[in-house]
Structure formats: structure tokens, C-alpha cells
Amino acid sequence: MPSADLSAPLIALRDVHLSFADTPVLRGIDLDVQRGQAVSIIGPSGSGKSTLLRCITGLLRPQRGQIRVDDTAVHALHSDAEFIALRKRVGFVFQQYNLFPHLSVLENLTIAPCKVLGRERREAQDEALRLLGKVCLEHKARAYPGELSGGQQQRVAIARALAMRPELILFDEVTSALDPETVGEVLRVIRELIEEGMTCVLVTHEMRFAEEISDAVYFTEHGVIVEHGSPRQLFNEPRSPRTRAFLQHTLGRGEQDRRPFVPAVAAAR
Amino acid sequence: MATELSLTRRCAPGRHPGKVLALATLLVWLAAGAPPREVFAPLLEWSPALAKGFALNILISLLAIGLGTLLGLAIGALNLSPLRLLRLPGRLWVQVFRNAPWLVLIYFTTYVFPFEIRVAGHYLPFPDWLKVTLGLALPASANVAEVFRGAVASIPGTQWEAARSLGFSRGQILRTIILPQCCKRMLPPWMNLYAVITMGTALSSLVGVHDLLDTAQIASNTVNRVGFTVLIYFSVLALFFAYCYPISRFTRYLERRYAFR
Ligand SMILES: Nc1ncnc2c1ncn2[C@@H]1O[C@H](COP(=O)(O)OP(=O)(O)OP(=O)(O)O)[C@@H](O)[C@H]1O
Ligand SMILES: [Mg+2]
């Protein structure tokens, strides 16, 4: 149930700590995402970004701290039923797509709505076809994941998450495994979702995309949030020298091959 | 240069070393001056009995793999249980029956079970060949359970993670995501196991079941001629080979096909 207080953040993390064995990975994370916002998380490899997203959807349990998704206290969930209730509301898109290889594209999109939400097969199929249309893949409904390109698989994975009609979607470096030519087609889909008002949390290395679509950007390093703010502020006037160093490192080197990441869809509207 | 060329050309039959070897052995033996008439006539005479024996071998192997598969999958399912108390007996079963010599198990089932069972006032016969079948089904079940465990473990953890993030329960993930992907991976090792079980049915001759090998023994003793003895054991070999070789070829074909997913 959506909470009555609409000004409260949809996702709120407070002082989240998590270690794998003796390795601390998250060391006190605070993060807020308002309903309808797009929030990007950037940071060097191994800084705990994927771990953070896994905590939000209950795939990992932090040792300390609080995670709230709307009125659900994720850190305090115990039963399978409670986790399932949470995951019905939170979509997750993985770097490696993780489609189900033994199912066709259409079945990938309908299996969870049918089995988890108990939706009618026909209704689920209609919705799945509509979503495939949205990601421009209607013609691949009968294909199997192994027959698709990386970009196509990732768009199917996004459609699969959408088929559950989630309240928010977590994207974990969804373009990192893709060829440069196919990155654009995936980013275009994400951009449209954000424009429609879907709450999104994106872990990404696409700095220019993050700068353009985000309402807020968080920079993490070694398991802490070093700095966060509006994209304009964080990318143009970073307060922390570490943020500056990271941006210089990633943007400076990529200056020549800065790609026009998304064809100007917004301009056409 | 020329020799190299001819060598590469000779590699073509080299793809079927078993067949070539078998054929060569037969030719050498015939050329060595075996008196064909004296030897082939009794073989013809005994061939219906041999065929009957081999049919029993195949029957035992099919029943054993069928029974072993059902049992093995049940034990495999038990081993996937999140409860340790349920996993323990499954573990024990697999360890005991995978590590026991088959002949010992066959002796065990043959001499431990009675020769007839009383069911609702009727005495049903419990023939030796059925006991052998059980004796082979035990290690088969343990091996199937192990094949099953390996297949489940070979599905990447990311599939579990993706399914969990969509709200599937553990049981649903197993049934709709993991197990369907396992079937394909289990087929080659399962067929391998079947071929081995089939060869193992020859052990049944040791407890007096009139299988192919036992029949060959009787024939050899009855005819009592060296040439015939060689020929009949050779025929036994050829029959088992003819049955198991296509299975192993097909298994290798499947393995190669699934290597590319
Ligand atoms: N299951 C695990 N067991 C042990 N250590 C882990 C596990 N998962 C992640 N780690 C470690 O935690 C640290 C953070 O991992 P994480 O995947 O969250 O980083 P990341 O910021 O997503 O990096 P990348 O940009 O490369 O994806 C890494 O050092 C990693 O080795
Ligand atoms: Mg990561």
C-alpha cells in the first residue's frame, strides 16, 4: 500500500553497513529517492554499487542500518512472503541481462506475472506484446534469448521488469556489457521510462546520460557516499577533490569517444 | 610428403577405432584357419538362446535405469531441500550406493530378499533377475541423484537472482526456471550411465540369471570346442558393443551440441 505521506521518499537508506566475511563493502550509506525521481549512482569499480542495489530489493541483508521502500522496512523483513511482496514492487535489471534461456521472449515476459501475480495468461500476453512494442521488439516475441543481440536482450530484460508493473526499477550498469552501437537503443528506453515518471535508480558509467536524465547523482567510493547533489552541481562544480579526480579520470580519458548517447528523442516531442 | 598424405587420409576410418579393431580381429581369427563350418553351425543353433539371454539383459537394464531414475530424482529432490534433516538421508544414500561395488550390491539383493513375497495372502514369485534389477537400480539411483545435483549446480547463480528479483519463491524457481534447464544438461550423463548399467547386467550371470553371458557359458561347455568358445564370447562382446556403442555416440553428439548451448 502506498503510504499516505506523499512527500516521504520512496527509498530511504540510513547508515547502511554490509561486509562480506571480513571485507567491508558498504560503510554507512545514506540515500534518498523521491517518487518519480531518477537517481544515478556513479563511482569506481568495486565501490559497492551493485551491492547497494541488491540490498534495496532484499537480495542481500545489511548488517547494520535501515532501508525503507515506501512503508516497508526492508532491513527487518524475514519471511519469504514479505520479500516476495517487496520484489513485486521493485524491478531489477542486471548488467548481464539474465533472461531465462529456455523460455521465448514472450514467455520471459509472462512467466512472472502469471506465476507470481496470478494474472490471466491472455491478459499477461497482451501486456507483454504491448511492452515489447514499447522497446521496439514485437517481432521477436517468439525468439529465444540466445538468438538476440546484447542490446535486444537488455531491452527484453527491461520489458520483463516492467511486466510486473513495479513502482520503481533498479538498473545495475545495464549498458556495460553492450557494444557501443547498441548502448543508445537501451538508453533510449530508459529515458522514455523516466519521462513517463517511473522512479529509477541507475548505477551507470554513462556520465553524460546520467548528467542529462538524473534528478540527483550520488558518487560512491570505498563503500561511502562521498558526495551527492544535482547533476549540474556534481558534474560541473564537484565539492570533493575525490569526485573531481574520478570525473577527470573517467571523462578526461573518454573525451574523444564521447558518443552521442541518445538520438534526440526528446527534441522530437 | 606422400606418407604424410596417406596418413591423413587413413584418419577417416580412424574415427571409428572400435569398429575397425573388431573387424580386424575377426578377419585375423578367420584367416588363422578356424574351421568355419564346425564352429558356425552350433552358433546358429544357439543363437535363439543367445538372443533370449540378451533380451533379458536389455530388460534388466531398462528396468534398472527406469527405477534408478525415478528413485534418483526423488533423492535428488530431497537433497535440494532447505532442511538439513531431509538432506542427510539423501546424502547418505548417494555416498553409500555410489561407492559400493556393483557385484556386492547384486549379491546383497539376491541373497537378502526372499524368493517369493506374500502380498495379501498370495505368494508372488520374486525371481533372481528382478533382484539383480534392484541391485543395479541402487547404484543407478545414486548416480542419477548425483547427475541431477551436478546439473542444478551448473545453472548459474544469476538465474536464481533474476528469478528471485521477480518475486518467485524458491520452489517456483526450481520448478519453472532451474529444472527445465537441467533436463537438457542431464541427458548426456544419464545416457552414459545407461550404457554402463547395460554392461553391468553381465554381472547377473554370476548369480545364476540366464542372461547372455550365462547362456554363452552353457553353450561353450556343451559344445566344448575351442574355436566355438572363442567365437561365442566374441559374439557376446559384439552384441554388447553393438548395443552400447550407438548410445555412447549419440551421447557424444548431444554433448557437442549442448556445448554451444
Ligand atoms: N558475494 C560476494 N562475496 C564476497 N565479496 C563480494 C561479493 N559480491 C561483491 N563482493 C565484493 O564487494 C565489493 C563491491 O562489489 P560490487 O559488485 O558491489 O561493486 P560495484 O561497485 O558494483 O563494482 P562494478 O562497477 O565493478 O560493478 C567488491 O570488492 C567485490 O569483490
Ligand atoms: Mg556492479
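Because the structure is a prediction, the values reported are computed rather than measured. These numbers come from the heavy atoms of this one structure, side chains and all, not from hydrogens, waters or symmetry mates. Residue numbers start from 1 in every chain, and the chains themselves are labelled A, B, ... in the order their sequence lines are given, proteins ahead of strands.
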Proximal component of Q172(B), with respect to chain A [non-hydrogen, under 4.5 Å]: side chain
Look at E161(B) together with R54(A) and state whether they make a salt bridge at an N to O cut-off of under 4.0 Å. yes
Partner chain B: residue of K88(A), K115(A), M164(A) with the largest heavy-atom pair count (under 4.5 Å): K115(A)
Are R89(A) and D70(A) ion-paired here, with the side-chain N under 4.0 Å from a carboxylate O? yes
Using non-hydrogen atoms only, which part of F94(A) is less than 4.5 Å away from chain B: side chain, backbone, both, or neither? side chain
Atom group of L117(A) that falls short of 4.5 Å from chain B, counting heavy atoms: neither
If we define contacts as heavy-atom pairs under 4.5 Å, which of Q96(A), R87(A), R160(A) has the most with chain B? R87(A)
Applying a strict 4.5 Å limit to non-hydrogen atoms, the region of V93(A) in contact with chain B is neither
Residues pairing under ring-ring contact (aromatic ring centres under 6.0 Å, His included) where one sits in residues 160-199 of chain B, two or more places apart or in two chains, turn out to be none
Sequence neighbours left out, what passes salt bridge (Lys or Arg N to Asp or Glu O under 4.0 Å) with R87(B)? Give chain and number order. none
Heavy-atom count check: over 12 atoms from other residues, nucleotides or ligands less than 6.0 Å from Y243(B) OH? yes
